[in-house]
Each structure stands twice: as C-alpha cells, then as structure tokens.
Number of protein chains: 2
Amino acid sequence: MKNKVKELREQQGLTQAQLGEKVGVSRQAINAIEKNKFDPSIWLAYDLALFFNMSIEELFDFKESERK
Amino acid sequence: MKNKVKELREQQGLTQAQLGEKVGVSRQAINAIEKNKFDPSIWLAYDLALFFNMSIEELFDFKESERK
DNA sequence: TTTATATGTAAGGTTTACTTTACACAAAAT
DNA sequence: ATTTTGTGTAAAGTAAACCTTACATATAAA
C-alpha cells in the first residue's frame, strides 16, 4: 500500500533499522512496507502513525492503493 | 482490540452476517472482532471505519487495548 | 410446539505479516 | 584500496488473520 514512510523517515534522518527499532519491528519489515511489498498489521500502522504524529489514514493512502 | 463495531452495527440494525457482506468478510470474522478474539487486518479496519463513516482510530481503541 | 434467525465457538486449511539469517551492491568513510 | 554503512532481496520458519464447515444455544416467529 502506498505510504509516506520513506519520506518521513528520511526527513527525520533515520535509517530503516533505526525506525524499525523505534516501532519494534525488523529493518526488513520497514523496507517491505516502504517498497510496498506487504501491508502493515494494524498495530504497526498505528505505531508508525503515532511515531510520525499523524493518523493512519494520513500515513497510508488507502484510496490510491490496490488491495492485495 | 476494543472497538465500537457491535454498538454501531446494532444502531444500523444489521446482523453480523450482513455487516460481513458489506465489508467483504465472513460473519465469523465480524464476530471475532466484536468479541475481541483477534485484531482486524488494516484493510478490514479501514473498510469498517469507512462503512461507519469514521476514522480507524475512532472505531478502534488502540490506547485502551492490549497488544496481542 | 416447531421452525427460522442470530449469535458463539471450534476445527482444519490458506494466506500473509512478520522473524532471523544470509548475501549482493552501492556509496561513504578511513 | 579497504572497510563500514545503508539498502534491497531471498529463504525458511512462525503467528495470526482470515476462510469454510459444522454444531450448540437462545430467542422470535409461525
């Protein structure tokens, strides 16, 4: 699903691994979400949105994304 | 995870099966979410929030719920 | 009293979101 | 020139979100 994770992460000067640590998942999980390999669980979506201080719907673009 | 699905569904006069049809899952999936047996996928959370015309964060109470 | 409807739950199966380990590669630092 | 860092990806495994089928029970309708 399309999302703003990569831009926001880079704005904060974080690596994928660092962001993974912050939200409690592996760097591969962050990579997969940034590269649209799989959709996050609802809890990971929540944790990322919380970290970036926005809503899940703002961080993840449901309307412009294809359902997998 | 705690949520408002049951109240909102009943307010609309729908059965679990009918709500399941509307959002494209089985009635057991709706039941499981209402009874807090498992957490929805991010897409199901989105579809339910859309159906009830609110945000995911309004429909699902992350802050008061235990992570499973 | 019988039948239909709504809910709850369980079993067994599939899919996918994760994990760890591992390797390749590019760019930056030493 | 060599080493470190960040990213991308793959394989194998686990956990959980679904699915279908099935059965039990309670209430409502006939």
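The chains referred to below are lettered A, B, ... by the order of the sequence lines, with proteins before strands, and numbering in each begins at 1. Any value given below was found using the heavy atoms of this structure, including those in side chains, with hydrogens, waters and symmetry copies removed.
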Inset, instruction - Ignoring the backbone of A:Val25, work out which of D:dA17, C:dT19, D:dC19 is nearest its side chain. - result: C:dT19
Legend entry - Spacing of A:Lys35 atom NZ relative to C:dA17 atom P, expressed in whole Å: 17 Å
Legend entry - A:Leu48 CG - C:dA17 P separation (whole Å): 14 Å
Legend entry - Length of the CZ-P vector between A:Phe38 and D:dT9, whole Å: 13 Å
Inset, instruction - Would you mind classifying the nucleic acid contact of B:Gly20 as base, sugar-phosphate or nothing, using non-hydrogen atoms under 4.0 angstrom? - result: nothing
Legend entry - Polar pair under 3.5 Å, donor/acceptor by atom type, side chain B:Gln28, base D:dT21: yes
Inset, instruction - Scan B:Ser26 against the nucleic acid and name what it touches under 4.0 Å (heavy atoms): base, sugar-phosphate only, or nothing. - result: base
Legend entry - Rounded distance (Å) that lies between atom P of D:dC18 and atom CD of B:Glu34: 14 Å
Legend entry - Salt-bridge present (A:Lys4, A:Glu58; N to O < 4.0 Å): no
Legend entry - Whole-Å gap separating P (D:dA17) and CD1 (B:Ile42): 13 Å
Inset, instruction - Take the protein atom CE of B:Met1 and the nucleotide atom C1' of D:dA17, then report the distance between them rounded to whole Å. - result: 12 Å
Inset, instruction - Without swapping roles, check the side chain of A:Asp61 against the backbone of A:Leu59 for a donor-acceptor pair under 3.5 Å. - result: no
Inset, instruction - Considering just the side-chain nitrogens and oxygens of B:Arg9, establish if one lies under 4.0 Å of OP1 or OP2 belonging to C:dT7. - result: yes
Legend entry - Integer-rounded Å distance: D:dT5 C1' and A:Leu14 CG: 15 Å
Inset, instruction - Evaluate the criterion side chain to side chain contact (heavy atoms under 4.5 Å, CB included) for residue pair B:Leu19 and B:Phe52; output intermediate values, then yes/no. - result: CA-CA 11 Å; B:Leu19 179 56; B:Phe52 290 123; 4.0 Å; yes
Legend entry - Aromatic ring pairing B:Phe62/A:Trp43, orientation class (parallel under 30°, perpendicular over 60°, tilted between): perpendicular
Legend entry - Phosphate-side-chain proximity, A:Asn31 and D:dT7, N/O vs OP1/OP2 below 4.0 Å: no
Inset, instruction - Output the single nucleotide from C:dT9, D:dG6, D:dC18 whose closest atom is nearest the side chain of B:Ala29. - result: D:dC18
Legend entry - Side-chain N,O (A:Ser41) to OP1/OP2 (C:dC18) below 4.0 Å: yes
Inset, instruction - Return no unless some side-chain N or O of B:Gln16 is found under 4.0 Å from OP1 or OP2 of C:dG8. - result: yes
Legend entry - pair B:Ile30-B:Val23: side-chain heavy atoms closer than 4.5 Å: yes
Inset, instruction - Whole angstrom is fine here: how far is it from NZ in A:Lys6 over to C1' in D:dG6? - result: 11 Å
Legend entry - A:Asp39 side-chain proximity, nearest of C:dA17, D:dA10, D:dA17: C:dA17
Legend entry - 5' precedence on DNA chain D between B:Ile33 and B:Arg27 (nearest-nucleotide basis): B:Ile33
